[in-house]
Q: 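Below is a structure I'd like to ask you about.
Owing to the predicted nature of the structure, the values given are computational and were not obtained by experimental measurement.
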There are 2 protein chains.
Amino acid sequence: MVHSLPVTSSLQDYLEVILNLHQEKDTARVTDIADRLDIAKPSVIQALTVLKEKGLIRQDRYGPVELTDEGRRYAMKIRHRHKIIYGFLTQVLGVSPQVAEEDACLVEHDLNSETFDKLLQFMLEQDIDAGLKKELAWQDKGK
Amino acid sequence: MVHSLPVTSSLQDYLEVILNLHQEKDTARVTDIADRLDIAKPSVIQALTVLKEKGLIRQDRYGPVELTDEGRRYAMKIRHRHKIIYGFLTQVLGVSPQVAEEDACLVEHDLNSETFDKLLQFMLEQDIDAGLKKELAWQDKGK
DNA sequence: AAATTATGTTAGGTTTAGCTAACAAGAATA
DNA sequence: TATTCTTGTTAGCTAAACCTAACATAATTT
């Protein structure tokens with residue numbers, strides 16, 4: 001199902017945060033999302049409108065935000081990429097956790113899938129797991 | 001000298017292209033820049049206006065584009081980062097040249113310098129040069 | 001030198017992604 | 001239940017970075 005394509009980096013960030021909030025607190029509200037992303041609430045509302053149009057979330061007026069199946073798949077894909085990069089930066093390069101976290105957020109969106117595949121392969125070859133295999137199993141359920 | 005800071009990713013791309021054009025053809029014109037970045041000429045003009053305000057380039061009406069010292073330093077820094085990433089992607093991960101080129105462009109701008117330092121260190125430890133030492137020397141002249 | 005072509009510029013518009021101020025709805029409390 | 005506080009929404013603004021159409025200047029060719 002194609003929804004007049006481009007899910008921008010920014011929108012991907014929203015999806016990822018919504019997924020994380022659901023897993024942590026079982027619900028994702030506008031205010032929580034705004035706090036996590038350090039963004040004003042009206043900006044969140046605006047982004048949610050677009051995500052609804054794309055069929056990636058569901059939300060009734062004044063209600064909580066839910067991911068659709070497609071939205072969840074998308075969010076999981078991003079989070080997976082985030083973890084691969086974070087793992088690489090911290091375990092292989094020895095970058096500090098804070099900086100690795102920031103940088104993972106920056107690059108998780110746009111790199112070619114070839115690059116992610118090769119990076120994951122590299123990590124597994126080096127037997128640097130960093131919870132990646134677990135995450136991979138997780139991922140496969142969402143497929 | 002601080003010029004009301006943020007040099008955005010987009011502006012950094014312009015600087016990098018201007019540097020490359022100068023080295024290849026000894027001059028950088030609006031049309032060449034537009035072609036390289038696959039962007040319309042008026043967009044280039046607009047960007048050049050901002051780069052002028054920041055003191056990173058010089059250009060008289062209808063004249064060619066010149067980098068200031070600060071602009072050249074900036075451009076060289078970006079290009080250096082580009083090469084480190086490209087080298088890593090191709091030599092370490094085995095990513096294809098085209099994809100590596102694209103992805104290097106995407107991430108060269110915003111990663112923390114700690115990450116670049118660690119990445120370079122990693123490359124040198126593995127004795128994967130990829131012309132990096134030469135580039136480093138280059139770089140130092142600009143300093 | 002006039003005409004043509006190539007190059008540079010201006011004006012004005014679009015989209016994305018943020019913002020503040022004001023208001024509305026819902027939830028909690030006195 | 002009336003009041004207050006929290007949360008969600010609308011309206012309207014801004015800035016960055018692109019665009020097209022139209023025009024101006026410069027360079028080249030006839």
Q: Rounded off to whole Å, could you give me the CD1-to-C1' distance for the B:Ile45 and D:dA16 pair?
A: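 Those two atoms, CD1 and C1', are 17 Å apart.
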
Q: Taking only the side-chain nitrogens and oxygens of B:Tyr62, find out if one of them lies under 4.0 Å from OP1 or OP2 of C:dA6.
A: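 Negative; the distance criterion is not met.
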
Q: OP1, OP2 of C:dT10 versus side-chain N and O of B:Arg61: anything below 4.0 Å?
A: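 So the side-chain polar atoms of B:Arg61 do come within 4.0 Å of the phosphate oxygens OP1 or OP2 of C:dT10, strictly under.
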
Q: What nucleotide, of D:dT7, D:dC18, C:dC19, holds the atom closest to the side chain of A:Pro42?
A: C:dC19

Q: Please report the distance, rounded to the nearest Å, between CD in A:Glu53 and P in C:dA17.
A: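 Going from A:Glu53 (CD) to C:dA17 (P), I get 13 Å.
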
Q: Using a cut-off of strictly less than 4.0 Å, decide whether A:Ser10 has a side-chain nitrogen or oxygen near OP1 or OP2 of C:dT16.
A: no

Q: What is the distance from CG of B:Leu15 to P of D:dA17, rounded to the nearest Å?
A: 12 Å

Q: So, is B:Gln59 close to the C:dT9 phosphate, meaning a side-chain N or O under 4.0 Å from OP1 or OP2?
A: yes

Q: So B:Thr31, base contact, sugar-phosphate only, or nothing? Heavy-atom distance under 4.0 Å.
A: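 Answer is sugar-phosphate: B:Thr31 comes under 4.0 Å of backbone atoms only.
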
Q: Distance check, rounded to the nearest 0.5 Å: B:Thr115 atom OG1 versus A:Asp103 atom CG?
A: 3.5 Å

Q: What verdict does the ring pair (Phe, Tyr, Trp, His ring centres under 6.0 Å) test give for A:Phe122 and A:Phe116, after you've listed the backbone C-alpha separation in whole Å, the side-chain angles of each residue and the deciding distance to 0.1 Å?
A: CA-CA 10 Å; A:Phe122 175 84; A:Phe116 283 107; over 10 Å; no

Q: What I want to check is whether the side chains of A:Gln12 and A:Arg79 have a donor and an acceptor closer together than 3.5 Å.
A: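 Checked: A:Gln12/A:Arg79 side chains show no N/O donor-acceptor pair below 3.5 Å.
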
Q: Please state how far atom NZ in B:Lys25 lies from atom C1' in C:dT7, giving the value in whole angstrom units.
A: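 Result: 13 Å.
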
Q: Output the rounded distance in Å from NZ (A:Lys41) to C1' (D:dC5).
A: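 Rounded to whole Å, this separation is 11 Å.
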
Q: Does A:Arg36 come within less than 4.0 Å of A:Glu24, counting only side-chain N to carboxylate O?
A: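 Result for this pair is yes, salt bridge flagged.
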
Q: How long is the line joining CD of A:Gln12 and C1' of C:dT16, in whole Å?
A: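 Roughly 14 Å, once rounded to whole Å.
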
Q: Phosphate oxygens OP1/OP2 of D:dA16: is one of them under 4.0 Å from a side-chain N or O of B:Thr8?
A: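 Checking D:dA16 against B:Thr8, no side-chain N or O comes under 4.0 Å of OP1 or OP2.
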
Q: Mind calculating the distance between CG (B:Asp38) and C1' (D:dA17) to the nearest angstrom?
A: 15 Å

Q: Please give, in whole Å, the distance from D:dT9 P to A:Ile39 CD1?
A: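 Whole-Å distance recorded here is 16 Å.
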
Q: Could you check whether any side-chain N or O of A:Thr90 sits under 3.5 Å from a backbone N or O of A:Tyr86, counting only pairs where one atom can act as donor and the other as acceptor?
A: yes

Q: OP1 or OP2 of D:dC13 sitting under 4.0 Å from any side-chain N/O of A:Gln46?
A: no

